[in-house]
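Just so it is clear, the values below take in all heavy atoms, side chains as well, and ignore hydrogens, waters and symmetry mates. Counting starts at 1 for both ligands and their atoms, in listed order.
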Amino acid sequence: MTLINLFFEDSTRTRTSFELAGKRLGADVINMSVSQSSVNKGETLLDTAATLNAMRCDLLVVRHALSGAPHLLAQKVDAAVINAGDGLHEHPTQALLDALTIRRHKGGLAGLVVAICGDIAHSRVARSNIHLLAAFGCDVRLIGPPTLIPAGIERLGARVFHDMREGLAGADVVMMLRLQRERMTANLVPSVREYFHFYGLDAAKLAHAKPDALVMHPGPMNRGVEIDSAIADDPERSVIREQVEMGVAVRMAVLDTLARARQGGRNSA
Ligand code: ASP
């Protein structure tokens with residue numbers, strides 16, 4: 001099996017995680033980042049994909065700034081395409097690894113109150129988690145300032161709160177999100193200090209959640225912006241490192257499933 005990691009946006013953990021997952025399954029893994037690719041010479045996304053496809057790669061892991069780019073590629077190439085994050089849209093393997101981490105601690109997902117907090121507007125992690133957690137019967141709450149919560153997002157199956165104390169009341173899981181300033185085209189938060197005061201997770205705000213509530217963050221973390229270091233590093237509450245560990249396991253499962261399906265297809269062809 002040959003796996004190509006095609007990353008048009010920066011990544012540390014997701015790219016490394018897919019690379020490790022592929023190698024642990026015995027695949028040949030090739031990493032391509034846009035700075036080394038012919039996209040810089042004007043090639044279109046579809047031409048890049050067609051070129052890689054002609055080399056007969058089996059699995060194409062794609063991260064792109066445009067929502068829907070992996071979906072478009074999946075229609076154009078023979079390789080199985082895995083979305084490693086597309087714009088503001090989705091980050092499916094992140095939601096899978098989050099669900100696995102929660103399940104390991106809580107024994108299941110149904111009935112859990114999960115609060116997703118912060119910059120919902122720019123978060124593909126939030127969107128994938130809303131879909132997955134709602135499908136598994138969680139009570140999904142979104143907490144953030146009105147400027148960072150898109151109008152109508154309740155229709156995806158979540159309730160919206162603008163006050164951390166109300167939104168966190170009785171939560172089993174508190175999932176913090178990074179303030180994605182690189183995607184903001186306007187000043188959506190007055191200042192980092194004020195943001196932390198109202199929406200940063202510290203001991204006082206966490207006290208409103210259940211005493212055994214898990215603290216999660218997809219990374220990279222902005223300490224002192226959306227989360228206090230004391231909480232992020234508290235081994236009794238934080239499962240942030242475990243999320244990274246589960247990322248490799250989940251991606252191995254995804255790659256293995258797709259590789260077997262391709263093998264099966266070939267055998268039956
Ligand atoms: N690493 C996650 C993503 O790529 C979250 C983040 O960047 O804040 O979407």
Atom 4 (O) of ligand 1: nearest protein contact (heavy atom, Å): Arg124 NH2, 2.8 Å

Looking only at side-chain N and O atoms, does Glu43 offer a donor or acceptor that is under 3.5 Å from a partner on Thr48? yes

Give the numbers and elements of all ligand 1 atoms closer than 4.0 Å to a heavy atom of His91. 3 (C), 4 (O), 9 (O)

Side chain, backbone, both or neither: Gln180 near ligand 1, heavy atoms under 4.0 Å: side chain

On the ring face of Phe7, is Arg63 found with NZ or CZ under 6.0 Å from the centre and within 45° of the axis? no

Nearest protein heavy atom with distance in Å, relative to atom 7 (O) of ligand 1: Arg178 NH2, 3.0 Å

Pick one of side chain, backbone, both or neither for how Leu177 approaches ligand 1, counting any non-hydrogen atom pair under 4.0 Å. neither

Could you walk me through whether Glu9 and Arg183 pass the salt bridge (charged side-chain N to carboxylate O under 4.0 Å, His left out) test, one step at a time? CA-CA 12 Å; Glu9 270 192 344; Arg183 296 190 198 273; 3.1 Å; yes

Report yes if Gly219 has an N/O atom closer than 3.5 Å to an N/O atom of ligand 1; otherwise report no. yes

Does a salt bridge link Asp233 with Arg223, judged by any charged N lying under 4.0 Å from a carboxylate O? yes

Between Glu9 and ligand 1, find which residue part has any heavy-atom pair under 4.0 Å and reply side chain, backbone, both or neither. neither

Please determine which of Leu177, Asp119, Leu179 meets the side chain to side chain contact (heavy atoms under 4.5 Å, CB included) test together with Glu226. Leu179

Any chance you could lay out the salt bridge (charged side-chain N to carboxylate O under 4.0 Å, His left out) test for Lys106 and Asp212, step after step, and finish with the verdict? CA-CA 10 Å; Lys106 300 289 178 191; Asp212 62 347; 3.5 Å; yes

